[in-house]
Each structure stands twice: as C-alpha cells, then as structure tokens.
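Below is one structure, written out as structure tokens; the observations come after it.
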Amino acid sequence: MTHSWSSSSGGKDVHLDWSPGGGRGALAAAIRTAIRDSRWSPGDVVPSTRALAQDLGIARGTVTRVYADLVAEGYLRTSQGAPTRVATAGDRPEAAARRGSQATVPEPRWNLMPGRPSLSMFPAAEWLAAMRRVLQRLPAEVFGYQRPGGVRALHESLARYLARSRGVLADPDRIVVCAGFTQCTALLSQVLLARGEHEIAFEDPSLPQFRRIAEAAGLRLTGVPVDGQGLRVSALDSPAVVVTAAHQYPLGVPLAPSRRTELTRWASRTGGLVVEDDYDGEFRFDHQQVGALQALAPERVVYAGTASKTLAPGLRLAWLVLPRALVPEVHAAVAASGAQPPALDQLVLAELLDSGAYDRHVRRCRAEYRVRRERLLAALPVAPQGLAAGLQLLVRVPDEAAALAACRRASIGLEGLGGHWVSRMDRWGGLVIGYAAPQKHAFAGALEALTGALRDVLP
Ligand SMILES: Cc1ncc(COP(=O)(O)O)c(C=O)c1O
C-alpha cells in the first residue's frame, strides 16, 4: 500500500512511495527516491519527525533514525537550531563521487581549444533586441510546428548574406538549416548511403569528430593527403569528399586556385560530390578574400556554413546550400531525423543578418582576433602556420607527446595534431592552438602560460 503525506512546512504536498510493512529501510528508500526525483527539492525544509510520524502512523523514533541515516548519507542537512533540510545537489553522495572522479582530470585553467570563439563576445544585447522585434512581429507563428529544414525567413536572409559575403550561389529553396555541421554530416552520410554510395573521403589531416559521424552512419572512410596547396585532388578516389577549402583544418592552407578547378573538374567528370565545410570563412586576416568553392560548381558542391564560430556553438545553427538534385533527399533525411534548431532562434538569426547586426558583430570579433593573433605571433618562439585565417594556428613540434605533457602541466587546454591524421604514414607532430577561445581578460595569462610551456619543448 502506498502512503501520501502532506507537508505543513512550506504548504507543499509531497508524495512518498512507502508501505508500512517495509520498516526503516523502506522509509529511507522512499525518501531517497523522492529527493532524487526532485519531489523533495534541494534546500526544502523536510517535515518534522513528529509530523511525519503522525502522518504515516509510525513511531517518531523510527523517523528520527531514518533522518539521521539520510544526514550521514548526505541526502539531508541539519544545523543547530535550524530545521532539517534536503541537501543541495553538491552535498549529495553522487556529486561527491563525481567530484572525486573529476579530480583526476581537472579542467585546464587556460582555454586555448581550437575552433572555439570567445563566448564572452556573444552579442547578447543585439540577440535580445532582435528577439524582441521577432516576437513583436510574429507572435504566434514562432511557436507552431515548423517545416523540417528551417524557416523560410532564414533561408531568404542566408541566401542574401552568403551571396554578398562568401560569393555563394544561394537560392533560398536550396537551403536547409541544421543543428550544426555535426547534423549536416550525419544527414549527408545518410543521403549518400541511400544513393548506394558506401565511402566518403576526408582530408588527411582533418577533424576526427566528423569522420566518426560518417563512419557511425555506415560509410567507409578514406583520407586524402593535404600539401601546401590543400587537398591533393589527384589522390581522390571516392564518390564524395569533405573539404575545408577556404582554410584547411587543421593545417591552415587555402585550396590553391588550380586545385579548386581540378576539384570541380573531378566532380563533373566522376559525378562525385564535394562537401565544402566553410567553417570559418568569415575570419580572414590577410586581405586575400577566398570565396566559396561552391560558386564554381553549384550542382556538384554542397556548401556548409555554421554560426558556431561567428556567434556561439551552443546555438547549434548551421546551413547547407544544396545542388538541386539533392534537395528532396536531404529534406527527407531531415524530416526522418526529427531534429531541427528552434524556430525562434532561426528567426532571431535572420533578423541579425537582415539588420546588419551580424556583420557588425563579425567585424568586432575579427578585430579582436586580429589583435590576439598578432600578440601570439610576437610571443611564440617559432613561426606557426595557418595564420592567414580562422580562430587557430598550428605550431610544429619535434615531440608532440612531450609538448602536450608540458601544456598539461601548465594547465593549458589545446589539441595535438596526432588525432587528426587518417593514415599512419607521413605523420608529424604539432599543437593546434585556439587563440579566440579565452575570455578577453584571460588572454594575456593564457599566452604567458603557453609561451612558458613551449620554451621547454621547442628547440
Ligand atoms: C573543421 C570544422 N568544421 C565545422 C565545424 C562546425 O561544427 P558545428 O557547426 O557542428 O559546431 C567546426 C567546429 O569546431 C570545425 O572545426
């Protein structure tokens, strides 16, 4: 039989799954469950032992002993002269265990993770103002079910923005909005498989997380070497390839003009598909504009952009501009996935793009990152590569394991090049350093920690 008990303190009714036959152990278990399920919330005053004993029809001493056990376990908290309360989450045994396990891997003090923007620069005031305008204009539609693939207003705003800023041949009907390039990769992998293709090529080196997604979807992976001119197109022998043409990740070279032509010719000749991952095309520092590859072959190249570098990765907003033939297949995959970014966020992004606030924000970030890049360049004991664009650069090191260990000792979070290689041949060591990631006030400290750590490991 289950008993309900009604608390007099705070006036809240609290349900306990408890049967009288179970004794002390059962009552303690019922209270633990109520706390874990948040029926008894952290900080709440629990009923007095007298009230609970009366409600449940049991001896007050039983309740007193159960409370004492739960205090010892960290579920309840007592202090002299104050009522007994539910402990806060941080006091609980699971939290203590979690803290214990995390203690072996502390968060690095200095965040130089590559590819991350400075989160403290997120344009919160502009976002809020844009959201207010959207809600004033479109109060009801925002909250209804939306068509998969994104809201029309964002397709139109993106088409204008991508044409003017990246030279993309963008038709709103061919744009699909996704939850990050991460979801784009999963969707395109499914489309390739549905077309009977079983393999996809990635640049070697490249970011491993997208390779893993394609692999998990069921595609075979191959790596295509990258040299000083970008992807070695002559080594390509797959039905599809993902390429970071504007700024190769993580080596930082742009795809040379002759290679761009070669790649689009390869795609036309073989019917192959090129996925252009334009992840940080907005951030170029050398006055040499590198437009999108997609404009050379819009029926063979899928253009992919993301708000993860310009605004914040937590938004999970990215977009594909598709060859016409792929539009229905990608729409079907999006619908089947059931996932899409919230309509309100999409409309706010459209508003930022149309009002010019997005461009102003990107310009502000570019100016900040340019200054950081110059300070980093002046401080580094060796010349890095990949400097012309983006939010990270690459430093070659003779012993990557030793360099990573030195950074760990200095509590610096960054990445080694090692995990980016596809093939075991021709590997060399490097550190991928994200100079946009630190908050503004932490950049100087991060730079000092980095140069100190590198001094020990560079010749
Ligand atoms: C090479 C590359 N492509 C794309 C992305 C963007 O991924 P997402 O849009 O899922 O955040 C990143 C982000 O780290 C990246 O480094």
Side-chain angles (χ1 to χ4, degrees), residues 111-119 122 150 154 158 162 166 175-189 200-214 216-217 221 223-224 226 230-231 241-255 274-284 290 292-294 301-321 334 337 339-342 345-346 349 362 365 369 386 389-394 413-417 419-422 430-437:
N111 180 3
L112 288 171
M113 290 302 286
R116 314 276 166 89
S118 176
L119 299 181
F122 181 80
L154 181 56
L158 279 170
L162 293 173
R166 305 292 302 127
I175 295 181
V176 165
V177 176
C178 306
F181 184 64
T182 308
Q183 193 202 6
C184 299
T185 307
L187 294 172
L188 292 170
S189 301
I200 188 164
F202 279 80
E203 293 162 311
D204 188 6
S206 54
L207 203 65
Q209 76 204 50
F210 301 124
R211 304 197 309 247
R212 283 197 290 266
I213 288 169
L221 279 191
V224 180
V226 174
L231 182 87
V241 60
V242 179
V243 60
T244 45
H247 184 227
Q248 204 278 330
Y249 191 92
L251 300 185
V253 286
L255 190 64
V274 177
V275 179
E276 178 179 20
D277 174 11
D278 196 33
Y279 64 104
D280 67 3
E282 292 85 352
F283 298 108
R284 261 215 100 76
V290 179
L293 176 69
Q294 184 262 9
V301 178
V302 175
Y303 174 88
T306 177
S308 289
K309 318 287 167 172
T310 49
L311 289 170
L315 292 174
R316 307 316 296 135
L317 277 170
W319 41 89
L320 295 174
V321 183
V334 177
S337 81
Q340 61 182 331
D345 289 354
Q346 295 186 47
L349 176 59
V362 169
C365 291
Y369 299 155
L391 314 181
Q392 68 280 325
L393 48 76
L394 178 66
L414 43 63
E415 279 185 6
L417 187 57
H420 295 75
W421 298 104
V422 182
L431 297 180
V432 195
I433 302 167
Y435 52 85

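Read the numbers this way: they start at 1 and go in the same order the structure lists the ligands and their atoms.
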Subject >> Steps toward side-chain contact (heavy atoms from CB on, under 4.5 Å) verdict (D277, V243) >> reply: CA-CA 6 Å; D277 174 11; V243 60; over 6 Å; no
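Rounded to the nearest 0.5 angstrom, E415 CD and L431 CG are separated by 10.5 Å. Atom CG of L221 sits about 8.5 Å away from atom OG of S206, to the nearest 0.5 Å.
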Pairwise, report which nitrogen or oxygen atoms of ligand 1 are under 3.5 angstrom from protein nitrogen or oxygen atoms, and how far apart they are.
unit_1, atom_1, unit_2, atom_2, d
ligand 1, 3 (N), D277, OD1, 3.3
ligand 1, 3 (N), D277, OD2, 2.6
ligand 1, 9 (O), F181, N, 2.7
ligand 1, 9 (O), T306, OG1, 2.8
ligand 1, 9 (O), S308, OG, 3.3
ligand 1, 10 (O), F181, N, 3.0
ligand 1, 10 (O), T182, N, 3.0
ligand 1, 10 (O), T182, OG1, 2.6
ligand 1, 10 (O), R316, NH2, 2.8
ligand 1, 11 (O), S308, OG, 2.6
ligand 1, 11 (O), R316, NH1, 3.1
ligand 1, 14 (O), K309, NZ, 2.8
ligand 1, 16 (O), K309, NZ, 3.3

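Between H247 and Y279, the angle of the ring planes stays under 30°, which puts this pair in the parallel group of the 30/60° scheme.
Side-chain atoms of T182 and Q209 include no donor-acceptor pair closer than 3.5 Å.
Screening R284, R166, K309 against D278 for a salt bridge (charged side-chain N to carboxylate O under 4.0 Å, His left out) leaves a single residue, R166.
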